[in-house]
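Here's the structure we're looking at; comments come further down.
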There are 4 protein chains.
Amino acid sequence: METKPQEQTRKPRADAVRNRERVLHAAKLVFSAGGPDASLEAVARQAGVGIGTLYRHFPTREDLFEAVYRREVEQLSELAEELKSEPSPVEALRRWLRSTVQFVATKKGMMAALAIVMTANSELAAYSHGHLTRSIGALLARAVEAGEVRADVTADDLLRALIGMCYMHDQTGWQQSVLRLLDVFVDGLRVGKGRAREA
Amino acid sequence: METKPQEQTRKPRADAVRNRERVLHAAKLVFSAGGPDASLEAVARQAGVGIGTLYRHFPTREDLFEAVYRREVEQLSELAEELKSEPSPVEALRRWLRSTVQFVATKKGMMAALAIVMTANSELAAYSHGHLTRSIGALLARAVEAGEVRADVTADDLLRALIGMCYMHDQTGWQQSVLRLLDVFVDGLRVGKGRAREA
Amino acid sequence: METKPQEQTRKPRADAVRNRERVLHAAKLVFSAGGPDASLEAVARQAGVGIGTLYRHFPTREDLFEAVYRREVEQLSELAEELKSEPSPVEALRRWLRSTVQFVATKKGMMAALAIVMTANSELAAYSHGHLTRSIGALLARAVEAGEVRADVTADDLLRALIGMCYMHDQTGWQQSVLRLLDVFVDGLRVGKGRAREA
Amino acid sequence: METKPQEQTRKPRADAVRNRERVLHAAKLVFSAGGPDASLEAVARQAGVGIGTLYRHFPTREDLFEAVYRREVEQLSELAEELKSEPSPVEALRRWLRSTVQFVATKKGMMAALAIVMTANSELAAYSHGHLTRSIGALLARAVEAGEVRADVTADDLLRALIGMCYMHDQTGWQQSVLRLLDVFVDGLRVGKGRAREA
DNA sequence: GATGAATGAGTTTTCATTCAT
DNA sequence: CATGAATGAAAACTCATTCAT
């Protein structure tokens with residue numbers, strides 16, 4: 001504060017950063033295994049830090065959820081960005097959907113935590129919803145413009161379907177089931193398929 | 001069947017019946033609002049009975065879930081039965097799906113019931129799941145046999161897709177979104193639509 | 001509720017009453033010894049009840065303070081009533097003041113707790129202030145009417161002086177000190193003593 | 001005294017001095033509001049310094065108390081010294097008492113200082129108590145020697161009475177009340193007033 | 001049968017104090 | 001020196017479950 005006036009927040013201490021990471025990593029594991037009600041003490045133990053340290057970084061359970069959640073969302077969003085280079089727009093979409101399932105598969109109980117954040121914390125919900133729909137929207141728009149996919153389904157719809165299907169992840173075989181469903185769904189999206197229904 | 005004197009289950013006392021109903025009603029409210037981990041004390045309080053009374057009627061949390069949600073699930077099952085008389089198998093399927101959405105929109109607690117069916121491992125889940133998938137399975141089988149619908153999707157899958165789509169039913173416009181998604185999904189189910197994927 | 005409609009609150013269970021008393025008694029001891037920050041766990045232990053029981057009876061620390069406090073105040077108030085039969089009004093006053101010191105002497109740290117409640121809980125403060133000033137006021141009025149005591153001091157003033165003097169009760173010998181001070185004070189109250197000041 | 005090179009206490013760094021002041025100021029505020037058990041973190045936060053800095057300046061809570069309150073107490077002591085020149089010993093006493101009330105009314109924290117003097121067992125309390133009682137004792141001794149005031153009251157008693165009366169200084173009108181009480185008290189101190197008690 | 005009191009294990013939460021940067 | 005992160009002991013608090021009335 002004395003010598004370098006341009007410093008507003010002293011360099012984050014090395015061990016603090018490391019501990020923060022540890023806690024986040026541990027939280028992912030523990031919440032995945034034990035659901036959103038898992039004990040924070042357990043998270044701290046898993047992270048190898050004191051419970052006080054956990055609380056310093058994340059004063060409330062929700063703060064911890066949020067921090068974990070944000071990076072998850074960002075990873076999904078980044079994946080969507082990468083898939084923009086995939087030649088077939090429909091396949092890009094399909095692959096993003098399938099990848100997301102894989103992603104969720106590695107963090108079972110995490111979905112519940114994410115769902116909680118989605119409904120409870122509107123600021124975060126808005127952030128991630130916007131982030132994700134923007135990414136998916138881009139994939140979707142490409143497919144629609146290419147004339148491969150019907151235009152009456154929104155990124156929002158897509159997200160709803162995906163999250164919802166993944167939410168039910170407690171039975172054995174849920175993953176295969178969701179992959180099957182996604183195929184059905186993507187097939188349904190493709191144009192040139194029968195509009196035979198009561199129209 | 002109840003009139004024989006050697007019966008072990010005496011006349012159910014009037015207030016006992018009333019209390020049972022109260023608890024059931026309260027449980028639906030409280031679980032809907034606070035999730036399945038909501039405090040049983042809260043349920044009793046909401047019902048206006050003592051916690052001991054709740055425990056007498058429902059010795060375990062599972063027992064309470066069961067009593068609350070079994071009848072909800074059975075209604076859906078019955079609806080599926082009725083639709084067997086619908087001439088077009090695909091339309092029967094579609095109508096069941098759409099009707100279920102209406103149900104969810106109307107009956108608070110239906111989602112929770114369905115989520116439990118797909119999620120938990122209780123006796124209730126097993127019973128209800130079996131009941132329900134059997135009914136839906138019949139609808140599905142008809143459509144498959146008629147050659148109208150692909151054969152690689154199970155009643156279980158169908159249920160999962162439906163529940164999932166309905167899961168986020170707190171955003172405005174969720175109902176329209178789900179109906180759109182169901183149409184896409186049913187379209188995807190119909191045979192003769194492109195198997196272009198991964199080829 | 002069924003047979004005796006005039007019952008609004010079922011007879012308080014015997015053990016509940018006993019436990020409540022135990023906790024109150026223990027609280028008096030523990031707060032007296034350890035001051036107002038003493039652990040509630042310690043109170044429960046001293047009372048021989050579970051911590052949950054303590055919380056059931058007194059959901060917050062303040063509730064417990066309050067309950068303890070009320071009876072203390074009532075005891076002091078009753079003492080003032082009894083002293084109405086004392087022939088000399090001034091002596092009645094003096095004896096009440098001295099008795100109060102004895103009273104406080106048995107519950108050292110309790111004063112701090114009571115002070116906290118007095119400032120924090122205005123409802124209670126009003127109640128006890130009213131209660132006490134009414135009692136003291138009666139003693140005082142008798143003495144004033146008898147022409148033994150000056151009329152420009154209120155029950156409120158008296159209470160302030162008494163409570164204040166007792167507040168500083170951490171030094172050895174405080175009790176003797178306060179008793180000396182009370183004598184000086186009562187002497188000052190008597191009429192016919194010099195009004196010599198700045199006149 | 002500071003200029004010799006072998007000095008162990010180097011020039012006090014400018015920011016160190018500033019921080020010390022900040023902490024002192026913050027401590028007065030925080031202890032006044034939250035009592036003597038207020039969190040030291042809160043003090044540091046209020047001061048805008050790190051908790052470590054607070055600890056460097058004041059290794060123990062007592063050290064902080066001391067630094068905060070010592071100068072307050074010394075002011076009262078000095079006032080008593082000045083009043084030694086007042087011709088009437090009783091009036092000197094009375095004026096000191098009344099002045100102290102003014103002090104309390106004006107200077108937030110003075111009460112806390114005085115309470116500590118009479119209550120705690122720290123080195124600070126001993127020092128301040130000695131300092132103060134010596135000054136008041138001189139005033140008192142003069143009055144006793146002049147035969148104007150009874151001899152069985154100590155400087156300590158006087159202090160206790162004064163502090164006590166001021167203790168409840170949050171009610172409206174407390175100041176008038178205390179001034180009234182002090183007059184009663186001083187009247188009680190004067191000799192030649194009735195020793196009628198317990199006779 | 002109904003009630004609500006009792007219990008205590010399990011969690012959350014706070015803070016004084018120490019230490020690495 | 002200043003800082004604030006780390007730590008863990010200690011307390012607060014909640015709630016499922018059992019039981020006396």
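A, B, ... follow the sequence lines: proteins, then strands. Residue 1 opens every chain.
- A pairwise comparison of heavy atoms in Val68(B) and Ala27(B) identifies CG2-CB, 3.7 Å as the closest pair.
- Looking at heavy atoms from C-beta onward, Arg70(A) lies in side-chain contact with Tyr127(A) at the 4.5 angstrom threshold.
- For the pair His57(C) and dA6(E), the criterion of a side-chain N or O lying under 4.0 Å from OP1 or OP2 is met.
- Taking atom CZ on Arg45(B) and atom P on dG4(E), their separation rounds to 12 Å, with Å as the unit.
- The nearest whole Å value for the distance from the CZ atom in Arg56(B) to the C1' atom in dG1(E) is 5 Å.
- Arg20(D) is listed as a side-chain neighbour of Phe58(D), based on a closest heavy-atom distance under 4.5 Å.
- Taking every heavy atom of both residues into account, Ala44(A) and Leu54(A) meet most closely at N-CD1, 3.7 Å.
- Screening residues 26-45 of chain B for ring pair (Phe, Tyr, Trp, His ring centres under 6.0 Å), with sequence neighbours left out, gives Phe31(B)-Phe65(B).
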Quick test: give all pairs of protein nitrogen or oxygen and nucleotides 13-17 of chain E nitrogen or oxygen below 3.5 Å, distance rounded to 0.1 Å.
residue: dT13(E); atom: OP2; partner: Tyr55(A); partner atom: OH; Å: 3.1
residue: dA16(E); atom: OP1; partner: Arg61(D); partner atom: NH2; Å: 3.0
residue: dA16(E); atom: OP2; partner: Leu40(D); partner atom: N; Å: 3.1
residue: dT17(E); atom: OP2; partner: Tyr55(D); partner atom: OH; Å: 3.2

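- For residues 22-47 of chain C, the set of pairs meeting the salt bridge (charged side-chain N to carboxylate O under 4.0 Å, His left out) definition, not counting sequence neighbours, comprises Lys28(C)-Glu72(C).
- In this structure, Gly48(B) and Gly48(C) both approach DNA chain E, and ranking their closest nucleotides by distance from the 5' end singles out Gly48(B).
- Atom CG in Leu54(B) sits about 13 Å away from atom C1' in dC15(F), given to the nearest Å.
- Here dC19(F) presents its P atom at 17 Å from CG of Asn19(C), a figure rounded to the nearest Å.
- Evaluation of the ring pair (Phe, Tyr, Trp, His ring centres under 6.0 Å) rule for Tyr55(D) yields no partner, not counting sequence neighbours.
- For the OP1/OP2 pair of dG1(E) and a distance below 4.0 Å, the side-chain nitrogens and oxygens of Thr53(B) include no atom meeting the criterion.
- A donor-acceptor contact shorter than 3.5 Å is absent between the side chain of Asn19(B) and the backbone of Ala16(B).
- Atom CG of Asp15(C) and atom P of dT18(F) are 18 Å apart (whole Å).
- As rounded to whole Å, 14 Å separates atom C1' of dA2(F) from atom CZ of Phe58(D).
- Tyr167(B) meets the side chain to side chain contact (heavy atoms under 4.5 Å, CB included) test with Ala115(A), Tyr167(A), Met111(B); sequence neighbours excluded.
- With rounding to whole Å, Asp63(B) atom CG is found 15 Å from dA16(F) atom P.
- When base pairs are accepted only as Watson-Crick or G-U wobble with both N-N or N-O distances under 3.5 Å, DNA chain E takes part in stems of 3 or more pairs at E:2-21 with F:2-21.
- Across the protein-nucleic acid pair, Leu64(A) atom CG and dT11(E) atom P stand 16 Å apart, rounded to whole Å.
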